[in-house]
Each structure stands twice: as C-alpha cells, then as structure tokens.
Amino acid sequence: REHEGWTVVPIPSAVSGDGTSTGVVDMLALKSMLEGTYKIHGEPLDPDSIAIVCVTHVPTNSGIINPVRDIGELLHEYNSNSFYLVDACQSVGQMDVNVKKLRCHGLCGTGRKYLRAPRGTGFLYVDEDIVSLLEPSHIDQQSSAAAKLGFGEAVRFAMNDAGGVNAIAEKIHSIGLKLQKQLQAIEGIEIYYPGTRSGIITFRTSQLEPEKLKEHLWEADNFGNQFEVSVVPATSTPLDAARTKVRNLVRASVSYTTTQREVLKFCERLQQILGETV
C-alpha cells in the first residue's frame, strides 16, 4: 500500500516442505531486501529506502513465534538505518522479551494480555539514542492512576511470585502442547498452526461457525463450567488471511495458571458440543 509517499511492503512468510505457509517471517526474503536484490513490481527495492521494519512477535490469529532476535541481528549485520519496531503485545508476559537481545529500537506491549494487568494499560520502549528524535502526535491527558499501579503490580507478580519469565514460558509451553494434543484428538477440529510454542492456539471446525461455537463454550455446562474463548476475525490479520484463505477462527489462550484438568474439561465440553451438532 502507498500513502503520502510511504509504501508498505509485506515481508513474505516462509514456506514449509509441503508448500504451505509457516506464518513465520521468511529470513531469506528479508535478507534479499537488505541486499537490494528483492524486487517489487519488477524493480529492486533500495535498502536505503527502508525506513521502518515492523514485526509482530506473536500474531493474534496463529500463536506462531517470529524470530525477532534473528531479525535484529540481521539488521545489525547489514548496518541498516531503518527503525526496528517489535509488536510484543501477545508475547510480553508469556516469554522472554529483552530489548537488548532483540536489538530493537522500539517495542510496544500491552498489560491486559499475558501480564494479566488492567485493561487500558501498556507501554512503549524506545532506544535512548533515538527517543529525542521522536515527537508524539498527542499526549493522553486522561489516565488511571489505579490502572498504572495495577500494571506495576502485575509486572512484579510475574517477575517474582510467578517465578520469572523463563518459568512462565516453560509452563505455558507445556500446557499449550497438552491442549494442542487434546484438540488434535477431536474429530473435526483443525488447528490453524499446530506445534506453536506460545500459549495462543487457534482452531476451526466445519460443523459450527466460530461465533456459534464461542456462544456454546461460554454457556455453563451441567457442572457450571464456562470456557472463555474468543473469535479472531480474518480482518484482524488481513495479509495472512488473504494468503491462507482462512476465515474466522476460535482462539483458546492458556496461561501459566491453566491446569491440565481445565484443559481436559475444555476439550470434553468441546467434544460434547460437536457431538450434539452431528
């Protein structure tokens, strides 16, 4: 897309051995962009014209993990003058996010997701050598002191009471794989990107539309259990949806507080719902 002199160039996703998209940034394509051999409309892309490299660490619709550290290393290797921005909204709080290791100039995150902080909280990191060159478009004069305090407490809890990011990442990875294994055992369930190491698992079924399945899961079962899932619309990730032709998906997110029993109960309820629709 082009807008007022800017051109947005999507970095392609890598392709697996069977020809399907992995959803992960194609490092070879990015390397060719930095070398000046990548072509757009038949013309080579000038590496000096790349102003911003923006990468989502963990996309909301798939849970795949992009190699943001490798991307930072590659940009450094090619002495790129572009601003490297990492969207860590879905990753901060569930895995290690270290701006020094990533070599990023900017990183944005939200509080309400894996940090389990109040809604409406978040942060933006900008490298100290660059921050003086940036000017905010506006400053929000209205903010909640209580929410900010809650955000700080959520960070403290994650780093101390919950055992730190490495312990959290290990727990989420373990329980996430258990959920994927249970889902794969249910006939008619297709995981969008199986094998992800994050806590975001999205899936679909031909038996029910995602919105209807969400309604059923939110309804209390005979034991009073309710399962809070969300629907990821294809419009939330238009480039990926256009490439894979995927429609809306059901998203089930696990945290380090999720138990194996909860995963089993969720999958039992899901199987029951699908059985009732046959």
Side-chain angles (χ1 to χ4, degrees), residues 1-15 21-111 113-115 121-140 165 197-198 236-243:
R1 294 179 57 188
E2 295 187 11
H3 181 68
E4 297 181 356
W6 289 80
T7 301
V8 178
V9 181
I11 306 172
S13 295
V15 177
S21 170
T22 64
V24 177
V25 167
D26 187 334
M27 295 297 290
L28 292 178
L30 177 58
K31 185 176 181 180
S32 80
M33 289 178 171
L34 299 174
E35 290 176 341
T37 58
Y38 189 85
K39 292 187 177 181
I40 303 175
H41 307 305
E43 296 294 327
L45 174 66
D46 179 6
D48 293 333
S49 71
I50 302 175
I52 301 174
V53 175
C54 183
V55 180
T56 300
H57 195 179
V58 178
T60 184
N61 73 324
S62 64
I64 60 97
I65 303 174
N66 269 313
V68 287
R69 184 171 180 175
D70 293 341
I71 292 171
E73 292 287 351
L74 191 64
L75 292 170
H76 181 74
E77 178 185 340
Y78 279 85
N79 295 314
S80 174
N81 293 320
S82 56
F83 184 92
Y84 180 32
L85 176 64
V86 176
D87 174 358
C89 287
Q90 304 285 348
S91 60
V92 68
Q94 70 157 318
M95 60 188 66
D96 184 30
V97 178
N98 186 315
V99 294
K100 298 301 182 185
K101 293 179 181 177
L102 302 185
R103 292 179 177 265
C104 62
H105 303 106
L107 183 142
C108 59
T110 185
K113 296 188 180 292
Y114 277 92
L115 278 175
T121 59
F123 66 92
L124 170 66
Y125 159 81
V126 178
D127 186 277
E128 61 183 0
D129 294 332
I130 296 178
V131 67
S132 61
L133 304 176
L134 304 180
E135 182 177 347
S137 61
H138 67 282
I139 298 176
D140 189 356
V165 290
R197 296 177 60 88
S198 79
S236 68
T237 51
L239 294 178
D240 184 70
R243 182 179 61 253

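Below, all heavy atoms of this structure are taken into account, side chains as well, without hydrogens, waters or symmetry copies.
- At least one side-chain heavy atom of Val58 sits less than 4.5 Å from a side-chain heavy atom of Met95.
- Contacts of Val131 classified as side-chain contact (heavy atoms from CB on, under 4.5 Å), with partners at least two apart in sequence or in another chain: Val126.
- Residue Ile11 holds its CD1 atom at 9.0 Å from CE of Met27, rounded to the nearest 0.5 Å.
- Minimum interatomic distance between Gly111 and Leu115 (heavy atoms only, all atoms of both residues): O-CB, 3.5 Å.
- Atom CG of Leu85 sits about 4.5 Å away from atom SG of Cys54, to the nearest 0.5 Å.
- Side chains of Asn81 and Asp48: a donor-acceptor N/O pair is absent below 3.5 angstrom, by distance only.
- You'll find the side chain of Leu107 reaches within 4.5 Å of the side chain of Val97, heavy atoms only.
- For Arg69, the salt bridge (Lys or Arg N to Asp or Glu O under 4.0 Å) criterion is met by no residue, not counting sequence neighbours.
- Under the side chain to side chain donor-acceptor pair (under 3.5 Å) criterion, Thr110 pairs with no residue at all, not counting sequence neighbours.
- With hydrogens and angles disregarded, no donor-acceptor distance shorter than 3.5 Å links the side chain of Asn66 to the backbone of Val68.
- At least one side-chain heavy atom of Leu74 sits less than 4.5 Å from a side-chain heavy atom of Lys31.
- For Asn79, there are no side-chain contact (heavy atoms from CB on, under 4.5 Å) partners at least two apart in sequence or on another chain.
- Proximity of Thr60 to Ser236: side-chain heavy atoms (C-beta onward) are separated by under 4.5 Å at one or more points.
- You'll find the side chain of Ile50 stays beyond 4.5 Å of the side chain of Ile52, heavy atoms only.
- Going from atom OG1 of Thr37 over to atom CG of Leu45 covers 9.5 Å, rounded to the nearest 0.5 Å.
- In this structure, Phe83 has its ring center under 6.0 Å from that of His105.
- The minimum heavy-atom distance between Tyr114 and Gln90, with the atom names listed, is CD1-O, 3.6 Å.
- Residues Ser198 and Ile65 share a closest heavy-atom pair of N-CD1, 4.0 Å.
- The heavy-atom pair separating Ser13 from Ser21 by the smallest distance is CB-OG, 3.6 Å.
- Remark: side-chain polar atoms of Thr22 are paired, donor with acceptor, to backbone N or O of Ala14 under 3.5 angstrom.
- Using a 4.5 Å heavy-atom threshold, the side chains of Ile64 and Pro59 count as touching.
- Side-chain atoms of Glu35 and Pro47, non-hydrogen and from C-beta on, never get closer than 4.5 Å to each other.
- Counting all heavy atoms, side chain and backbone alike, Pro12 lies closest to Met33 at CD-CE, 4.0 Å.
- Side-chain contact between His57 and Cys104: absent, with no pair of heavy atoms (C-beta onward) separated by less than 4.5 Å.
- For residues 89-99, the pairs satisfying salt bridge (Lys or Arg N to Asp or Glu O under 4.0 Å) are Asp96-Lys101, with sequence neighbours left out.
- Between the side chain of Thr237 and the backbone N or O of Asn61, no donor-acceptor pair lies under 3.5 Å.
- With values rounded to the nearest 0.5 angstrom, Leu30 atom CG is found 8.5 Å from Asp26 atom CG.
- In this structure Tyr38 satisfies the side chain to side chain donor-acceptor pair (under 3.5 Å) test with no other residue, sequence neighbours excluded.
- Residue Tyr84 comes nearest to Leu75 through the heavy atom pair CG-CD1, 3.6 Å, listed as atom of the first residue, atom of the second, then distance.
- By the neighbour-count criterion of 12 heavy atoms within 6.0 Å, atom CD of Glu128 is sparsely surrounded, having that number or fewer from other residues, nucleotides or ligands.
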